[in-house]
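For ligands, and for the atoms within them, numbers begin at 1 and follow the listed sequence. For the numbers below, each heavy atom of this structure counts, side chains included, while hydrogens, waters and symmetry mates do not.
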Amino acid sequence: MATIIDGKAISEDIQNEIAIEVQSLAEQGRKIPHLAAILVGNDGASETYVGSKVKTCEKIGFLSTLIKLPAETSENELLFRIKNLNEDDDIDGYIVQLPLPKHINEQKVIEAIDPRKDVDGFHPQNVGRMALNLPAYLPATPYGIIQLLDRYNIVTEGKHCVVIGRSNIVGSPMSLLMARNSNPGNCTVTLTHSKTKNLKEITLQADIIIVALGKPEFLTADMVKDGVVVIDVGITRMPSDKTKSGYKLFGDVKYDEVAAKASFITPVPGGVGPMTIASLLMNTLKASKKEIYG
Ligand code: NAD
């Protein structure tokens, strides 16, 4: 039976480690890390995500600033706010919560963020540095997965890692990180996507499978070999009359049957999801200590 990778526990461990470091920075009279977040509009899910990021910052001793702007904010106004954050020495890092309202060009906004403060790791400069294996802010979900592999001492060197999904926020960066000369890393990587043929033939050869396509229970037991490591990134909300909330979360893996064959597996919820916040905090601490860009 597989070892269940407990992302909630690892995320809490990381938060506690950072809280201790912040306390020691405070005792030495050094700068306390300060994260800002911009939220445009009143999308319920985005408000919840940003709210929980700010709350966690406060819990571990960071300073946080939430800038809430109305949905009709113009692109120019948002770019002006970004310029102010770039120039504000007190702010170490910041995020612009996505998605943005349709009249704002997301790519333009991402490129306006000072790469030194881009703790989401979405700026092309950070993506390029990551690809070159230079110090960079890593995007939250892939960075979280790397932490899970590392903290569970999962051997990756020389293994065949199959990534399913090639999004800019998960699949593509994940394939780069698993292939690079680093630990975790040093895998032979196959990046698969919606146009891939014979996916099952490929997944059956995988030692590690990272699934991020957003299709509930897509990866089934007949697609994996014994002893595989499975990282399930998918989160899909499905209506359910069996839960109080009226919905249930599903991953991209048919959990019970795949867990019976796997050596390690992440559950949904409680696997990759809780790591996102830990990654953001780690990046903000790095920004405050000027670890990436000096
Ligand atoms: P996306 O929707 O941007 O991209 C999906 C990818 O899956 C595409 O690259 C597509 O080519 C590929 N794909 C689609 N059908 C396929 C098929 N039949 N075979 C192989 N590949 C196929 O995805 P995303 O933004 O990376 O999100 C993926 C899932 O991960 C979603 O459920 C999302 O909610 C979840 N997610 C979770 C976290 C987290 O913190 N746990 C973070 C980000 C995304």
Side-chain angles (χ1 to χ4, degrees), residues 4-12 14-15 43-46 48-50 52-53 56 95-100 106-107 110 119-122 127 130 137-149 161-178 189-206 208-220 222-224 230-239 247-255 258 265-283:
I4 298 167
I5 298 177
D6 188 345
K8 194 160 176 272
I10 299 284
S11 179
E12 275 162 20
I14 292 173
Q15 289 176 38
D43 176 74
S46 293
T48 311
Y49 294 145
V50 171
S52 102
K53 287 172 190 172
T56 312
I95 57 168
V96 180
Q97 184 66 40
L98 303 178
L100 290 167
E106 255 176 34
Q107 196 55 31
I110 290 170
V119 286
D120 259 341
F122 291 157
V127 179
M130 172 182 63
Y137 296 114
L138 302 182
T141 304
Y143 191 13
I145 293 170
I146 292 292
Q147 289 297 318
L148 291 178
L149 295 169
C161 174
V162 173
V163 180
I164 307 180
R166 59 175 161 191
S167 72
N168 288 342
I169 59 165
V170 188
S172 291
M174 206 59 241
S175 68
L176 285 170
L177 292 171
M178 294 305 282
V189 175
T190 305
L191 177 58
T192 68
H193 46 74
S194 55
K195 303 286 191 295
T196 297
K197 294 199 173 117
N198 306 326
L199 182 66
K200 184 175 163 183
E201 270 174 35
I202 300 169
T203 54
L204 276 170
Q205 295 170 34
I208 301 170
I209 308 182
I210 300 172
V211 202
L213 77 163
K215 295 196 171 155
E217 302 190 327
F218 177 85
L219 189 80
T220 46
D222 60 316
M223 296 172 76
V224 306
V230 177
I231 306 290
D232 186 356
V233 185
I235 309 177
T236 308
R237 239 186 211 213
M238 304 280 275
Y247 66 85
K248 192 168 178 257
L249 295 182
F250 282 85
D252 287 348
V253 176
K254 196 150 195 188
Y255 184 82
V258 174
I265 190 165
T266 60
V268 176
V272 174
M275 293 303 294
T276 314
I277 183 70
S279 303
L280 179 65
L281 300 173
M282 288 188 290
N283 276 345

Exercise for review: Measure the distances from the heavy atoms of Ile169 to every atom of ligand 1 and state whether one is below 4.0 angstrom.
Suggested key: yes

| request: Would you confirm whether any non-hydrogen atom of the protein falls under 4.0 Å from atom 18 (N) of ligand 1? | output: yes

Inset, instruction - Ignoring hydrogens and angles, tell me if any N or O in the side chain of Asn283 forms a donor-acceptor pair with the backbone of Leu138 under 3.5 Å. - result: yes

To atom 7 (O) of ligand 1, the nearest of Leu199, Val163, Leu213 on a heavy-atom basis is Leu213

Looking at Ser279 and Gly144, would you say the former's side chain and the latter's main chain have a donor-acceptor pair under 3.5 Å? yes

the protein heavy atom lying closest to atom 26 (O) of ligand 1 turns out to be Ser167 OG, 2.5 Å

Going by the 4.0 angstrom heavy-atom rule, the piece of Thr141 near ligand 1 is side chain

Any heavy atom of Gly273 closer to ligand 1 than 4.0 angstrom?
yes

protein heavy-atom neighbour closest to atom 11 (O) of ligand 1 works out as Ser194 N, 3.0 Å

The protein heavy atom nearest to atom 12 (C) of ligand 1 is Gly165 CA, 3.8 Å

Note: heavy atom closest to atom 8 (C) of ligand 1, options His193, Met174, Arg166, Lys215, belongs to Arg166

heavy-atom search around atom 34 (O) of ligand 1 in the protein gives Ile235 O, 3.2 Å

Under 4.0 Å between heavy atoms, the region of Thr196 that gets near ligand 1 turns out to be neither

